[in-house]
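Below is one structure, written out as structure tokens; the observations come after it.
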Amino acid sequence: MAHLKSPFLRTVYERGYVQDSTDRDALDARLATGPLTAYIGFDCTADSLHVGSLIQIMLLRRWQQTGNKPIVLMGGGTTQIGDPSGKDSSRQLLTKDEIARNKTSIQRVFARFLKFGDGPSDAIMADNADWLDGLSYIPFLREVGRHFSVNRMQTFDSVKLRLERGQSLTFLEFNYMVLQAYDFLELARRHDCSVQMGGSDQWGNIVCGIELGRRIEGRSLFGLTSPLITLASGAKMGKTAAGAVWLNAERLSPYDYWQFWRNVDDTDVGRFLRLFTDLPLAEITRLEAGTDAAINHAKEVLATEATTLCHGADAAKAAAETARRVFAEGGIGADLPVITIARATLDQGVQVINLLHQAGLAASLGEARRLVRGNGARVNDQPVSDETRKLGPGDLNSDGVIKLSAGRKRHALVKPA
């Protein structure tokens with residue numbers, strides 16, 4: 001990609017962020033003349049994003065790092081409908097109060113990755129409820145709806161795949177594409193936003209927004225999508241056996257977040273260093289070339305750099321130190337995740353599988369049972385072979401806690417309240 005003129009496009013192509021783009025050469029030429037504004041939308045379906053959304057956040061970070069202005073668009077309006085992209089069934093409809101709570105919680109993570117303010121490249125936080133909630137139905141259909149062909153909408157994956165599988169697609173969901181396209185037009189009007197970015201599953205929605213801007217106001221808009229990120233195992237990024245890898249510390253501790261990155265497959269290290277850290281490419285090339293102990297060091301660098309971006313340098317340092325104590329010294333580590341159990345409950349005894357599940361070391365009781373049967377569970381560093389075993393006061397160690405382990409790399413502490 002040496003022919004690309006703009007620092008942003010050179011960066012995102014070199015580091016592997018791009019799946020598709022509309023008229024890349026024209027976008028490159030526009031970026032070469034001066035900064036532009038771009039946005040990515042995030043619906044408020046939960047009170048935290050997970051690492052499956054991290055590539056989008058990093059795209060906005062790259063956009064800002066190269067002198068451009070990013071917009072983080074909260075989907076306070078579109079979340080009321082639910083994006084059908086990649087879904088086999090309708091999302092559960094949330095109340096406005098639930099959406100508002102989720103939005104408030106989600107917004108906090110962006111301040112770690114982006115600089116917000118009034119400067120020319122400072123990020124903006126917007127909410128599409130500001131314009132979608134007040135739309136009048138008939139005027140909206142006349143101004144916007146007439147530009148959409150149902151025949152064409154059925155060719156986009158978000159619609160086509162559901163219909164081909166014979167799964168229901170509600171009229172409510174069918175409107176999502178129209179509203180997202182209108183978001184692009186509204187941001188172009190309000191903030192002179194000319195680029196929409198998103199995951200590859202958003203391609204159809206982005207193209208519709210570009211065409212809407214051209215048809216209604218003759219605007220020249222652009223789109224860019226990132227690939228679906230999967231692990232070497234083929235699993236979708238953001239999901240593990242123990243559940244989602246959340247970005248908010250209240251949902252997943254910085255230590256567990258650090259461990260997620262430390263435990264990635266060897267073949268993923270270089271790719272993830274490019275996508276999810278700010279390390280220079282030359283340094284990444286050196287790190288990924290190692291084997292055995294060297295590749296383990298590269299994983300620790302990945303874990304610390306990624307955790308620093310999401311949770312701060314102090315949390316990353318504490319997580320790395322805890323890991324060192326747990327693995328190198330056989331200790332406990334002050335930063336291990338902790339669950340509290342009422343003393344009266346512990347006095348009566350609690351099944352080990354229940355504690356493994358509550359501690360997040362197993363996604364379900366069934367998973368906890370399989371962990372014990374497979375000799376993967378430990379209590380105070382000793383193997384557990386009986387899935388019916390109950391833990392009680394006698395299992396508290398000299399630190400007054402019970403250390404639970406799933407395999408050699410995932411640990412949690414049980415502490416009596």
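Since the structure is predicted, the reported quantities are computational estimates derived from the model, not experimental observations.
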Salt bridge or not between Glu387 and Arg370? Use side-chain N to carboxylate O under 4.0 Å.
no
Before accepting this row, confirm whether a basic side-chain N of the pair Arg325/Glu321 lies closer than 4.0 Å to the acidic partner's carboxylate O.
no
So, using ring-ring contact (aromatic ring centres under 6.0 Å, His included) as the criterion, who are the partners of Phe140 when residues are at least two apart?
Tyr182
Does anything in residues 44-56 pair up under salt bridge (charged side-chain N to carboxylate O under 4.0 Å, His left out), and if so which pairs, sequence neighbours excluded?
Asp47-Arg251
Between Phe184 and Tyr39, does a ring pair (Phe, Tyr, Trp, His ring centres under 6.0 Å) hold up when you go through it step by step?
CA-CA 8 Å; Phe184 200 175; Tyr39 92 94; 5.6 Å; yes
Determine whether the aromatic ring centres of Phe276 and Trp261 lie less than 6.0 Å apart.
yes
How long is the straight-line distance from [atom2] of [Y] back to [atom1] of [X], given to the nearest 0.5 Å?
{"X": "Leu346", "Y": "Ile341", "atom1": "CG", "atom2": "CD1", "value": "7.5 Å"}
{"X": "Thr388", "Y": "Arg369", "atom1": "OG1", "atom2": "CZ", "value": "10.0 Å"}
{"X": "Phe8", "Y": "Asp28", "atom1": "CZ", "atom2": "CG", "value": "11.0 Å"}
{"X": "Arg190", "Y": "Leu185", "atom1": "CZ", "atom2": "CG", "value": "10.5 Å"}
{"X": "Glu305", "Y": "Thr308", "atom1": "CD", "atom2": "OG1", "value": "6.0 Å"}
{"X": "Thr78", "Y": "Asn175", "atom1": "OG1", "atom2": "CG", "value": "12.5 Å"}

Chi angles and distances behind the salt bridge (charged side-chain N to carboxylate O under 4.0 Å, His left out) call for Arg62, Asp278
CA-CA 9 Å; Arg62 303 297 180 219; Asp278 285 341; 2.5 Å; yes
Just checking Asp314: does its CG atom have more than 12 heavy atoms from other residues, nucleotides or ligands closer to it than 6.0 angstrom?
no
Per salt bridge (Lys or Arg N to Asp or Glu O under 4.0 Å), Asp395 is matched among Lys390, Lys403, Arg389 by Arg389
Taking Ser48 for the side chain and Asn248 for the main chain, is one N or O donor matched with an acceptor at less than 3.5 Å?
yes
Under 3.5 Å, is there a donor-acceptor pair between the side chain of Asn263 and the main chain of Gln259?
yes
Going by the rule side-chain hydrogen bond (donor to acceptor under 3.5 Å, both in side chains), which residues pair with Asp347 if we only count those two or more places apart in sequence or in a different chain?
none
Any idea which heavy atoms bring Arg10 and Leu4 closest together, and the distance?
NH1-O, 3.2 Å
Under the side chain to side chain contact (heavy atoms under 4.5 Å, CB included) criterion, do Phe272 and Val264 qualify, and how do the steps go?
CA-CA 9 Å; Phe272 288 174; Val264 300; 4.0 Å; yes
